[in-house]
Amino acid sequence: KKTKRIHELTKDYPKPTHWPIVGCTFEFGTNPKEFFGNLCRMCDEQGSVFAAWLGPELFIVLSNVEETELLLSNNKLLKKAFGYDFLHPWLGKSLLTDEDESWRTKRKIITPAFHFQILEQFMDVINKNSLILIRELKKEIGKPSFDISRYITLCTLDIISESSMGTEINAQLNNSPEFVTSLRNLSEAVLYRFYKPWLYPDFVYNMTSAKRAFNKDLKVVHDVIMKVIQSKKLKRSQAKSNGVNGSSAIKNGKSNGVHSTTNGNGEINNLAFGQKKKSAFLDLLLDYTEHDGSYSEQSLIDEVNTFMFAGHDTTTSAINFALHAIMKHPEVQEKAMKEIEEIFGDSNAMPEFNDLPKMKYIECIIKETLRLWPSVPYVARTVTEDTTLKCGYKLPAGCSAVLMFYKLHRDPQLYSEPDRFNPERFLDDSINGRKPYSYCPFSAGPRNCIGQKFAMMEMKIVISTVLRHYRLITPPDGPDINVVAELILRSVSGIHVKIENRS
Ligand code: HEM
């Protein structure tokens with residue numbers, strides 16, 4: 001009955017070719033490589049609002065600024081779409097996947113961990129791992145070309161593991177440990193299921209070898225995180241019995257049952273993160289758990305898994321595409337180097353926190369990179385109540401709305417020469433007058449990215465450190481980038497570069 005109603009209300013939408021039962025599943029193709037290209041083609045052919053049935057689910061795909069604003073600014077459309085359910089066995093109901101009141105509570109608890117004064121604690125972790133990256137890249141000097149994305153993946157994984165769990169996994173030094181491989185397999189497995197509507201029912205998926213492999217990888221990842229949590233808990237209880245209070249954060253920062261960011265005068269409270277000693281996101285959650293038991297062991301695992309997932313592939317993707325763009329545009333590389341020289345002069349010192357706002361041009365490069373290659377190329381919401389789009393079509397309750405940022409960011413009505421890489425368009429004067437919601441790499445509205453400041457800090461440090469040590473050169477015969485979206489945007493052919501030492 002519900003499906004019939006949705007069919008009825010959306011019969012006038014533009015649609016690609018549909019078949020009975022499967023809808024336009026085969027128009028999309030059943031692997032990630034074809035899927036994204038076909039989705040972009042459909043946006044070109046059908047326009048900025050169209051409907052597509054994938055088996056029993058209807059997706060309304062939106063890629064213009066008016067509908068993006070309507071959806072993202074609506075406080076009632078906060079529920080993630082059906083496809084996010086496939087993340088539940090891995091991330092549970094965490095900040096990324098949860099809904100309604102329990103999402104709001106989590107957001108309030110976790111927000112203080114991303115206050116900029118707290119992020120400063122992570123400078124050392126990012127600087128240290130960027131230097132390991134530089135050391136690892138040494139072996140590639142002089143080679144005609146190599147894929148730098150393998151190195152960036154391991155570096156960002158080291159950074160996010162140490163920041164979220166407070167534990168070094170040394171992915172860069174151990175090259176590809178089981179944990180790293182399992183993490184990658186899990187992202188791929190979620191997507192594999194999404195493209196195959198016949199695997200949507202749990203009872204079918206549970207019988208497949210894909211599900212058995214998924215469970216195996218899940219166990220590897222969960223076991224590592226569980227061990228970290230247990231060892232942290234043990235250390236904290238030992239510290240407590242020795243008279244050291246591990247949860248001073250809670251005493252001062254609590255209001256209305258929820259941890260607050262400031263003391264009302266805009267000053268940060270004595271959070272675990274605010275202490276001199278470097279803490280991890282996990283420490284904040286453990287503080288709460290000790291205080292009021294708000295997080296069960298499973299919820300802690302889910303939240304750490306979420307940081308690792310949301311904070312790893314995203315920054316990897318952005319750094320990779322930025323390095324590619326810098327390499328392809330020598331004039332951009334020169335300007336970035338000029339800025340670096342102005343900030344650091346002859347010094348070899350790593351950046352300090354107050355150097356980051358000085359990296360204005362590098363910030364423009366990152367923003368322009370995220371415009372052309374947004375790490376999260378689309379997001380989706382479940383429509384929980386009938387809504388009327390700006391164009392007049394009905395968005396019926398029960399369908400999913402997909403916001404296609406990748407196409408939004410290349411709309412010629414919003415950006416002149418939209419396919420051209422031009423960091424200057426993000427210089428202050430040029431962005432004045434830009435429509436709100438025309439640029440959403442971190443999404444927007446209440447469910448925007450909580451980690452965007454951390455991400456910007458990490459990207460600035462890693463990119464500037466690479467440039468300070470190496471000149472990026474386009475290899476004559478390296479393959480060009482080949483973009484696919486496997487939850488996160490990436491180049492299947494890798495990012496091929498040649499590097500030269502800067503004397
Ligand atoms: C270039 C880097 C990044 C990009 C482009 C990015 C982008 C996004 C986007 C588009 C969303 C919305 C997802 C949706 O609606 O389904 C999101 C949510 C989120 N991101 Fe990021 N992200 C980045 C880095 C990070 C980092 C470093 C962290 C953590 C350390 C993080 C943690 C999260 C979390 C927890 C959410 C869910 C927030 C909520 O629903 O309340 N992200 N991110």
Side-chain angles (χ1 to χ4, degrees), residues 68 71-72 74 77-87 91-100 102-111 113-114 118-119 121-122 125-126 152 156-157 159-165 190 273 280-282 284-285 302-322 363 365-382 400-406 408-409 437 439-463 485 487-490:
T68 304
L71 265 282
L72 291 181
N74 186 332
L77 294 179
L78 300 180
K79 187 171 182 233
K80 298 290 171 83
F82 151 80
Y84 291 69
D85 294 357
F86 302 150
L87 287 166
L91 309 182
K93 290 240 166 178
S94 68
L95 185 61
L96 181 70
T97 48
D98 210 348
E99 57 199 74
D100 300 329
S102 65
W103 165 75
R104 273 179 222 285
T105 310
K106 289 189 174 104
R107 183 91 188 193
K108 277 186 195 152
I109 290 176
I110 296 174
T111 294
F114 289 91
I118 284 155
L119 294 182
Q121 311 271 321
F122 297 107
V125 171
I126 304 175
I152 302 297
T156 55
L157 188 58
I159 292 171
I160 197 65
S161 308
E162 208 173 329
S163 314
S164 58
M165 302 190 285
V190 169
F273 281 81
F281 296 126
L282 176 59
L284 178 80
L285 301 181
D302 294 342
E303 232 44 87
V304 172
N305 262 318
T306 296
F307 284 140
M308 301 282 289
F309 164 68
H312 166 227
D313 277 351
T314 46
T315 46
T316 302
S317 161
I319 295 170
N320 280 337
F321 284 115
E363 186 166 317
I365 294 178
I366 293 169
K367 285 181 173 165
E368 178 69 342
T369 300
L370 286 170
R371 182 184 71 82
L372 281 173
W373 301 285
S375 314
V376 181
Y378 45 78
V379 298
R381 298 281 182 272
T382 295
S400 297
V402 179
L403 292 170
M404 185 66 172
F405 297 148
Y406 184 87
L408 171 80
H409 289 176
Y437 296 92
Y439 181 69
C440 303
F442 295 103
S443 191
R447 292 214 74 160
N448 69 352
C449 175
I450 201 169
Q452 56 184 292
K453 287 201 193 97
F454 179 92
M456 189 51 91
M457 173 169 119
E458 174 179 350
M459 293 185 288
K460 279 184 174 176
I461 297 176
V462 174
I463 292 169
L487 298 185
I488 305 300
L489 206 68
R490 73 180 185 101

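Quantities reported herein were computed from a predicted structural model and do not represent experimental measurements. We count ligands from 1, going down the list as the structure has it; atoms in each ligand are counted the same way.
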For the CG atom of L282 and the CZ atom of F307, what is their distance to the nearest 0.5 Å?
9.5 Å

So CZ of F114 and NZ of K453: to nearest 0.5 Å the spacing works out to 10.5 Å

Per-pair distances, ligand 1 N/O vs protein N/O, less than 3.5 Å:
{"unit_1": "ligand 1", "atom_1": "15 (O)", "unit_2": "R381", "atom_2": "NH1", "d": "3.2"}
{"unit_1": "ligand 1", "atom_1": "15 (O)", "unit_2": "R381", "atom_2": "NH2", "d": "3.3"}
{"unit_1": "ligand 1", "atom_1": "16 (O)", "unit_2": "K80", "atom_2": "NZ", "d": "3.2"}
{"unit_1": "ligand 1", "atom_1": "16 (O)", "unit_2": "Y84", "atom_2": "OH", "d": "2.6"}
{"unit_1": "ligand 1", "atom_1": "40 (O)", "unit_2": "L95", "atom_2": "O", "d": "3.3"}
{"unit_1": "ligand 1", "atom_1": "40 (O)", "unit_2": "R447", "atom_2": "NE", "d": "3.0"}
{"unit_1": "ligand 1", "atom_1": "40 (O)", "unit_2": "R447", "atom_2": "NH2", "d": "3.1"}
{"unit_1": "ligand 1", "atom_1": "41 (O)", "unit_2": "W103", "atom_2": "NE1", "d": "2.8"}
{"unit_1": "ligand 1", "atom_1": "41 (O)", "unit_2": "R107", "atom_2": "NH1", "d": "2.7"}
{"unit_1": "ligand 1", "atom_1": "42 (N)", "unit_2": "A310", "atom_2": "O", "d": "3.4"}

Would you please say whether a donor-acceptor pair under 3.5 Å links the side chains of T156 and T316?
yes

Measure from the side-chain N and O atoms of T314 to the backbone N and O of A310, and report whether any donor-acceptor pair falls under 3.5 Å.
yes

Main-chain N/O of L489 paired with S375 side-chain donor or acceptor, under 3.5 Å
no

Heavy-atom side-chain contact between L370 and F442 under 4.5 Å:
yes

